[in-house]
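The structure presented is a predicted model; accordingly, all values stated were derived computationally and were not measured.
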Amino acid sequence: MQPATVTGARQSPEAEDALRGDLITVLRTIYDPEIRANILDLGLIYRLDIDPHGNVEIEMTLTAPACPVAGAFPGVVEARLSEVPGVNSVHVALVWEPPWSIDSMTDEVKLELGLL
């Protein structure tokens, strides 16, 4: 992982909580191109860390290592989260452990996809 860039004003804990909420809202608008469900509720986001300066670190996976968007999708996520006010920098790391499974999905997505 790349070290976070420490620039910008330090945010209050309340501002960090608000920023986390804004980031989660945006993550729910980014859809997996094959399953047509958002990446957060699909369980593709493993870690979302925000430092006091607004630097965001994400660990995410994809539904399969051979996913055709594997090379480009983390950049899409970085670009979308970078647009959120209060974000200083974003780094998305694509990880494969633990492997994604259907059990990672929320019950709502499973229901929408007819898996419950």
Q: Could you pull out all residues at least two apart from R36 that satisfy side-chain contact (heavy atoms from CB on, under 4.5 Å)?
A: Y31

Q. Residues in salt bridge (Lys or Arg N to Asp or Glu O under 4.0 Å) with D41, at least two apart?
A. R28

Q.
Apply side chain to side chain contact (heavy atoms under 4.5 Å, CB included) to residues D51 and V56 and explain how you reach the verdict.
A. CA-CA 7 Å; D51 77 8; V56 178; over 6 Å; no

Q) Going hydrophobic residue to hydrophobic residue with side-chain gaps under 4.5 angstrom, can you get from L42 over to L111? A) no

Q. So, do V92 and E57 sit near enough that their side-chain heavy atoms are less than 4.5 Å apart?
A. no

(Q) For a 4.5 angstrom cut-off between non-hydrogen side-chain atoms, does I24 reach I45? (A) no

Q. What's the shortest heavy-atom distance between L19 and G54, and which atoms?
A. CD2-CA, 4.2 Å

Q | Derivation and outcome, side chain to side chain contact (heavy atoms under 4.5 Å, CB included), residues V84 and V90 | A | CA-CA 10 Å; V84 175; V90 178; over 6 Å; no

(Q) Quick check: do E78 and F73 have side-chain heavy atoms less than 4.5 Å from each other? (A) no

Q: Quick one: do D49 and E59 satisfy side chain to side chain contact (heavy atoms under 4.5 Å, CB included)? Show the steps, please.
A: CA-CA 9 Å; D49 290 336; E59 280 187 2; over 6 Å; no

Q) Heavy-atom distance under 4.5 Å between the side chains of L27 and L81, does that happen here? A) yes

Q. Hey, what do you get for CD1 (I35) to CG (L62), rounding to the nearest 0.5 Å?
A. 10.0 Å

(Q) Hydrophobic clustering (ILVMFWY, side-chain heavy atoms < 4.5 Å, transitive) - are L116 and W100 grouped together? (A) no

Q: Mind checking the CG-CZ spacing from L48 to R20? Nearest 0.5 Å is all I need.
A: 4.5 Å

Q. Which heavy atom in A70 sits nearest to a heavy atom in P65, and how many Å separate them?
A. CB-O, 4.2 Å

**Q.** L113 CG: over 12 foreign heavy atoms closer than 6.0 Å
**A.** yes

**Q.** Gap between atom NE2 of H91 and atom OG of S82 - 0.5 Å precision
**A.** 11.5 Å

Q: Indicate yes or no: at least one non-hydrogen side-chain atom of M60 is less than 4.5 angstrom from one of V95.
A: no

Q.
Are T61 and Y46 packed together at the side-chain level, in the sense that at least one heavy-atom pair is separated by less than 4.5 angstrom?
A. yes

Q. For the atom pair CG (N38) and CD (E108), what is the distance rounded to the nearest 0.5 Å?
A. 10.5 Å

Q: Side-chain contact test, heavy atoms from C-beta onward, threshold under 4.5 Å: evaluate it for S89 versus H53 and give yes or no.
A: no

Q: Indicate yes or no for a side-chain donor-acceptor contact from D22 to the backbone of T25 under 3.5 Å, with no hydrogens or angles considered.
A: no

**Q.** Min side-chain heavy-atom separation N55-I50 under 4.5 Å
**A.** no

Q) Which value, rounded to the nearest 0.5 Å, describes the distance between L94 atom CG and I58 atom CD1? A) 12.5 Å

**Q.** For E16 against P52, the heavy-atom pair lying closest together
**A.** OE2-CA, 3.3 Å

